[in-house]
Amino acid sequence: MERLKAGGLAGEVLAEFAGTMILILFGVGVVAQVAAAGIGGHDSIAWAWGLGVVLGVFVSARISGGHLNPAVTVALAVFRDFSWRKVAPYVLAQTAGAFVAALLVRWNYGEVLSAADPGHTIKTQGVFSTLPGNGTLPVSDLGALRDQIIGTAILLFLIAAITDVRNLVPPQWASPIVVGAVVVGIGMAWGTDAGYAINPARDFGPRLASFLTGYHGAWHDQYGDLYFWVPIVGPLIGGVVGVGLYRLLVGRFLPTAGAGEPGRIPVEANA
């Protein structure tokens with residue numbers, strides 16, 4: 001456990017930056033490939049996002065807990081004694097990692113995006129940020145907010161179960177894979193109404209990157225309404241709801257022996 005603290009908060013913040021950057025390189029990258037080049041489809045998007053989570057958590061979990069998501073960080077602070085003094089540094093690092101990764105995707109796919117959408121309009125805005133009904137289906141902003149609350153509640157409910165050492169946790173090396181599988185499942189089952197951002201950093205960082213590189217309508221949806229707040233507020237609410245429900249329905253009935261620091265891959269699960 002001493003190694004986990006060797007880098008202090010600076011090490012944890014850098015791990016969150018790196019892990020979130022890996023997540024977005026795969027997630028935003030696959031959407032750019034599908035939307036701009038027509039290579040792949042919905043399933044490849046869901047799987048690449050899940051793999052991005054797996055690899056991002058592998059990069060960062062032993063140092064920072066591998067949150068990669070402000071909704072995770074805030075929910076753990078509210079319910080599971082994660083230090084509130086770390087919340088702002090974690091959230092800033094996650095958002096910065098997502099921003100830098102999105103800039104790399106925007107740079108690398110610049111020619112292809114320009115060919116597919118010369119005006120950098122809502123047609124390819126969804127490469128970087130989410131929209132209600134994925135920009136085409138008749139879903140309102142409030143419908144998208146509802147969706148983000150539910151989807152993130154599912155995510156955090158399951159993360160709480162997977163990382164609770166009092167529960168039937170997977171082996172240490174398998175925990176990131178199981179969390180990634182959860183994201184794949186959410187993408188396949190809950191992607192219609194709002195594109196399953198379920199992560200404020202995942203949406204805001206790339207949205208800012210796209211705005212600064214030519215997507216001047218990035219803050220709005222297809223109706224012209226200011227939309228960027230929905231995938232921020234919805235996941236923050238949903239994360240707290242998800243961990244709260246886990247504690248209410250499952251966590252309070254589990255034995256307390258062996259509980260570790262919340263949010264970390266359980267060391268006890270090595271066997």
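Everything numeric in this text was worked out from a predicted model, so none of it was measured. The chain is numbered in sequence order, starting from 1.
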Of the non-hydrogen atoms in Arg166 and Leu254, which two are nearest, and what is the gap between them? NH1-O, 3.7 Å
Does any N or O in the side chain of Ser210 come within less than 3.5 Å of the main-chain N or O of Arg207, such that one atom is a donor and the other an acceptor? yes
What distance separates Arg62 CZ from Glu12 CD, expressed to the nearest 0.5 Å? 13.0 Å
Please step through side-chain contact (heavy atoms from CB on, under 4.5 Å) for the pair Gln125 and Asp117, ending with a clear verdict. CA-CA 9 Å; Gln125 180 181 323; Asp117 182 18; over 6 Å; no
Tell me which donor-acceptor pairs under 3.5 Å the side chains of residues 92-103 have, and how far apart each pair is, sequence neighbours excluded?
unit_1: Gln94; atom_1: NE2; unit_2: Glu16; atom_2: OE1; d: 2.8
unit_1: Gln94; atom_1: NE2; unit_2: Thr73; atom_2: OG1; d: 3.1
unit_1: Thr95; atom_1: OG1; unit_2: Val91; atom_2: O; d: 2.9

Aromatic ring proximity Phe82/Tyr90, centre distance under 6.0 Å: yes
Measure up the Trp219 and Phe211 rings against each other and bin them: parallel (under 30°), tilted (30 to 60°), perpendicular (over 60°). tilted
Any heavy-atom pair between the side chains of Val182 and Ile159 that's under 4.5 Å? no
Looking at Phe228, is its backbone amide N or carbonyl O close enough to the side chain of Asp203 to form a donor-acceptor pair, meaning the two atoms are under 3.5 Å apart? no
Listed pairs under 3.5 Å, donor-acceptor, residues 41-58 side chains, sequence neighbours left out:
unit_1: His42; atom_1: NE2; unit_2: Gly187; atom_2: O; d: 3.2
unit_1: Ser44; atom_1: OG; unit_2: Gly41; atom_2: N; d: 3.0
unit_1: Ser44; atom_1: OG; unit_2: Gly41; atom_2: O; d: 2.8

Looking only at atom types and distance, does a side-chain atom of Asn69 sit under 3.5 Å from a main-chain N or O of Ala201, one as donor and one as acceptor? no
Under 3.5 Å: donor-acceptor pair, side chain of Gln148, backbone of Pro231: no
For side-chain contact (heavy atoms from CB on, under 4.5 Å), just list the numbers for Val13 and Lys86, CA-CA rounded to whole Å, side-chain angles, deciding distance to a tenth of an Å, and then say yes or no. CA-CA 9 Å; Val13 165; Lys86 296 182 180 181; over 6 Å; no
Side-chain contact, heavy-atom cut-off 4.5 Å: Val34 with Ile39? no
Taking every non-hydrogen atom, the tightest pair across Tyr223 and Val139: OH-O, 2.9 Å
How many angstroms lie between atom CG of Asp225 and atom CG of Leu142, to the nearest 0.5 angstrom? 10.0 Å
Same cluster (ILVMFWY, side-chain, under 4.5 Å), Leu212 and Ile232: yes
Is there a continuous path of hydrophobic side-chain contacts, each under 4.5 Å between heavy atoms, that joins Val183 to Leu236? yes
Note: Gly11 and Ile63 closest approach over all heavy atoms is O-CG2, 3.5 Å
Going by heavy atoms in the side chains, are Ile186 and Ile198 under 4.5 Å from each other? yes
Minimum side-chain heavy-atom gap Leu156-Leu76 below 4.5 Å: no
So Pro206 and Ser129, do their side chains get closer than 4.5 Å, heavy atoms only? no
Interatomic distance, His220 atom NE2 to Ile122 atom CD1 [nearest 0.5 angstrom]: 10.5 Å
Closest contact, heavy atoms only, Asn134 versus Gly191: ND2-O, 3.0 Å
Using the rule given for side-chain contact (heavy atoms from CB on, under 4.5 Å), can you reason through Leu158 versus Val179, listing the C-alpha separation, both sets of side-chain angles and the distance that settles it, and then say yes or no? CA-CA 8 Å; Leu158 292 171; Val179 174; over 6 Å; no
Decide if the gap between the ring center of Tyr215 and the ring center of His120 is smaller than 6.0 angstrom. yes
State yes or no: do Met21 and Phe204 share one hydrophobic cluster built from I, L, V, M, F, W and Y residues joined by side-chain heavy-atom distances below 4.5 Å, directly or via other members? yes
Interatomic spacing from CZ in Arg106 to CG in Leu113 - rounded to 0.5 Å: 6.0 Å
Is there a path from Trp107 to Ile24 through hydrophobic residues (I, L, V, M, F, W, Y) whose side chains come within less than 4.5 Å of each other? yes
Is there a side-chain contact between Leu145 and Trp229 (heavy atoms, below 4.5 Å)? yes
Report the distance from atom CG of Leu14 to atom OG of Ser60, rounding to the nearest 0.5 Å. 11.5 Å
So, for Gly19 and Leu68, which heavy atoms are closest and what is the spacing to 0.1 Å? C-CD2, 3.5 Å
Can you name the closest pair of heavy atoms from Ser140 and Pro132 and give their distance? O-CB, 4.0 Å
Is there a side-chain contact (heavy atoms from CB on, under 4.5 Å) between Thr124 and Val127? Walk through the geometry before answering. CA-CA 6 Å; Thr124 56; Val127 167; 4.3 Å; yes
Pairs of donor and acceptor atoms involving the side chains of residues 237-250, under 3.5 Å and at least two apart or interchain, shall be tabulated with distances.
unit_1: Tyr246; atom_1: OH; unit_2: Asp164; atom_2: OD2; d: 3.0
unit_1: Tyr246; atom_1: OH; unit_2: Asn167; atom_2: ND2; d: 3.2
unit_1: Arg247; atom_1: NH1; unit_2: Phe79; atom_2: O; d: 2.9

Decide yes or no for Thr163 and Ser175: does some side-chain heavy atom of the first lie under 4.5 Å from some side-chain heavy atom of the second? no
For residues Pro89 and Leu9, determine if any side-chain heavy atom of one lies less than 4.5 Å from a side-chain heavy atom of the other. yes
According to a hydrophobic-cluster definition based on side-chain heavy atoms being under 4.5 Å apart (Ile, Leu, Val, Met, Phe, Trp, Tyr only), do Leu155 and Met188 belong together? no
To the nearest 0.5 Å, how far apart are CD1 in Ile177 and CD1 in Ile162? 11.5 Å
